[in-house]
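One structure is given below, encoded as structure tokens.
Both counts, for ligands and for their atoms, begin at 1 and track the order of listing.
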Amino acid sequence: MSFTVPHSELAQLEDQVQAALRTTDGSALDVLGYGEVTLVLRLRAEAGAFACKRLPVFPDRGRFERYEEGLRAYLNRLADSGLHVADTELWHTRQPSGRITAYCVQRELPPHRLCSRLLHTEDDVWIKDFFARFLDRVESAVEPTLGLDAQAANWMDVGGELVYLDVTTPLMRDTRGREQLDVRLFFSSLPWVLRDAVRVSMSKSIFDKFYETRGVLLDFLGNLYKERLHELVPAFLEQANARLSRPITAEEVAAYYRDDARMWELIQRLRQADRFWHHRIRRRTYPFLLPPRVER
Ligand SMILES: Nc1ncnc2c1ncn2[C@@H]1O[C@H](COP(=O)(O)OP(=O)(O)O)[C@@H](O)[C@H]1O
Ligand SMILES: [Mg+2]
């Protein structure tokens, strides 16, 4: 099932990324997709095409090993819940400074099978069936200690199966509700003005929704606005509410989207400013690849 990571080609990809960061010119990179947090790069290697998701740089081996353990555990728990997850390997390289650069690597799946795309192109019958299968998957996976970021752009429909893609941020909590992820590291792409405030006051509420079916569905439905698919909301609400003890309303979805969009917009703007500050004022390399502005 799994695959061998193309080591030397990944090392070359990382060199290209380093060059892009130094020059802030990413035009030579082959971008496969944009998430809220990462850029996903395509790597054409001898063994095929791969999707490579660059992680925040780990300050030392211990932090990296803890992440690796968490990722393994997350992949196993998702698989145990019956979810099909894209085969994922972790590749890393040590910088002279001792810091570790790592990528989550998956085989490239056919881009036209991305569910956020299919929802634009397929007919009502497919769409209704998709959402029924989706609800089954979400219901059987999500638990108070196991979370899912289930927006449409995180799934592919291949060979009649929904395959989940977005595992770089393992969403697991211990039985006391504490995030297992190195939240501090994963928030390191936020400008320093935000980092502490966000970490302390927002992280609990940002993540809460991923650990209950209702929250996951609300997030999925709210995101349909961003995908310009909001005309699907009424039919999906009917399908979803048939399974929920506390129904979701259309107003709730719209309000959720407004808040979520505002939060990401602010974060995006502050990041651009932070990058400007790094480059122009301090003349240092800004260590993250930023996605372009999203129309909301
Ligand atoms: N294995 C893959 N094959 C093809 N495209 C992919 C693959 N994984 C991710 N992508 C593309 O990249 C986008 C972002 O990937 P994702 O893993 O969701 O990262 P993020 O955490 O940034 O949201 C996806 O919506 C999809 O378009
Ligand atoms: Mg994603």
Side-chain angles (χ1 to χ4, degrees), residues 1-6 10 13 17 26 29-45 47-56 67 70-71 74-75 78 83-91 102-121 130 134 137-138 141 147-159 161-172 181-183 185-190 206-207 209-210 216 219-220 222-224 226-229 260-261 263-264 267-268 271 288-294 296:
M1 270 293 278
S2 70
F3 55 90
T4 308
V5 174
L10 264 157
L13 178 71
V17 169
L29 299 172
D30 190 356
V31 176
L32 199 56
Y34 299 100
E36 294 286 12
V37 185
T38 45
L39 273 189
V40 180
L41 301 173
R42 176 189 281 127
L43 174 64
R44 289 188 198 284
F50 297 88
C52 306
K53 310 177 185 188
R54 193 169 188 265
L55 300 167
Y67 173 81
L71 177 67
Y74 188 56
L75 293 170
L78 291 177
L83 199 76
H84 293 253
V85 183
D87 286 338
T88 305
E89 297 289 340
L90 190 60
W91 177 84
Y103 288 77
C104 278
V105 184
Q106 298 169 342
R107 286 196 177 282
E108 182 188 348
L109 296 169
H112 64 279
R113 300 306 297 171
L114 193 69
C115 291
S116 50
R117 231 181 260 189
L118 293 172
L119 288 171
H120 281 285
T121 55
F130 156 79
F134 170 85
R137 291 298 177 213
V138 171
L148 214 52
D149 174 0
Q151 43 183 281
N154 288 342
W155 303 84
M156 295 258 189
D157 185 42
V158 269
E161 274 300 341
L162 290 181
V163 178
Y164 186 66
L165 302 175
D166 196 346
V167 294
T168 47
T169 311
L171 295 168
M172 282 184 301
L181 179 73
D182 193 338
V183 173
L185 181 73
F186 273 74
F187 279 174
S188 60
S189 74
L190 298 182
I206 288 180
F207 286 113
K209 62 184 178 225
F210 297 127
V216 171
D219 187 67
F220 172 90
N223 261 287
L224 295 177
K226 188 173 84 188
E227 304 281 356
R228 307 263 181 267
L229 287 165
D260 197 56
M263 180 185 81
W264 284 110
I267 288 176
Q268 231 25 350
R271 275 184 180 154
F288 298 96
L289 297 166
L290 297 181
R293 276 190 59 83
V294 183
R296 296 184 195 267

Can you tell me if an N/O/S atom from Gln151 lies under 2.8 Å from the Mg ion (ligand 2)?
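False for Gln151.
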Could you tell me whether any N, O or S atom belonging to Asp166 is less than 2.8 Å from the Mg ion (ligand 2)?
yes
Heavy atom of Met156 under 4.0 Å from ligand 1?
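Checking ligand 1 against Met156, which is what was asked, there is a heavy-atom contact under 4.0 Å.
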Contact partition for [X] relative to ligand 1, non-hydrogen atoms under 4.0 Å:
{"X": "Asp149", "value": "neither"}
{"X": "Arg107", "value": "backbone"}
{"X": "Asp166", "value": "both"}

Any N or O of Val40 that comes nearer than 3.5 Å to an N or O of ligand 1?
no
Ignoring angles and geometry beyond distance, decide whether Glu108 reaches within less than 3.5 Å of ligand 1 through its nitrogen or oxygen atoms.
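Checking ligand 1 against Glu108, no N or O pair falls under 3.5 Å apart.
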Could you tell me whether the side chain of Tyr164 and the main chain of Ala150 form a donor-acceptor pair under 3.5 Å?
no
Using atom types as modelled and distance alone, determine if a side-chain donor or acceptor of Glu89 lies under 3.5 Å from a backbone N or O of Ser2.
no
Would you sort out whether Glu161 and Arg113 count as a salt bridge (charged side-chain N to carboxylate O under 4.0 Å, His left out), showing the intermediate values?
CA-CA 11 Å; Glu161 274 300 341; Arg113 300 306 297 171; over 6 Å; no
Taking the side chain as C-beta and beyond, is there a heavy-atom pair between Tyr103 and Val17 under 4.5 Å?
yes
Output the distance between atom CG (Asp149) and atom CG (Asn223), rounded to the nearest 0.5 Å.
8.0 Å
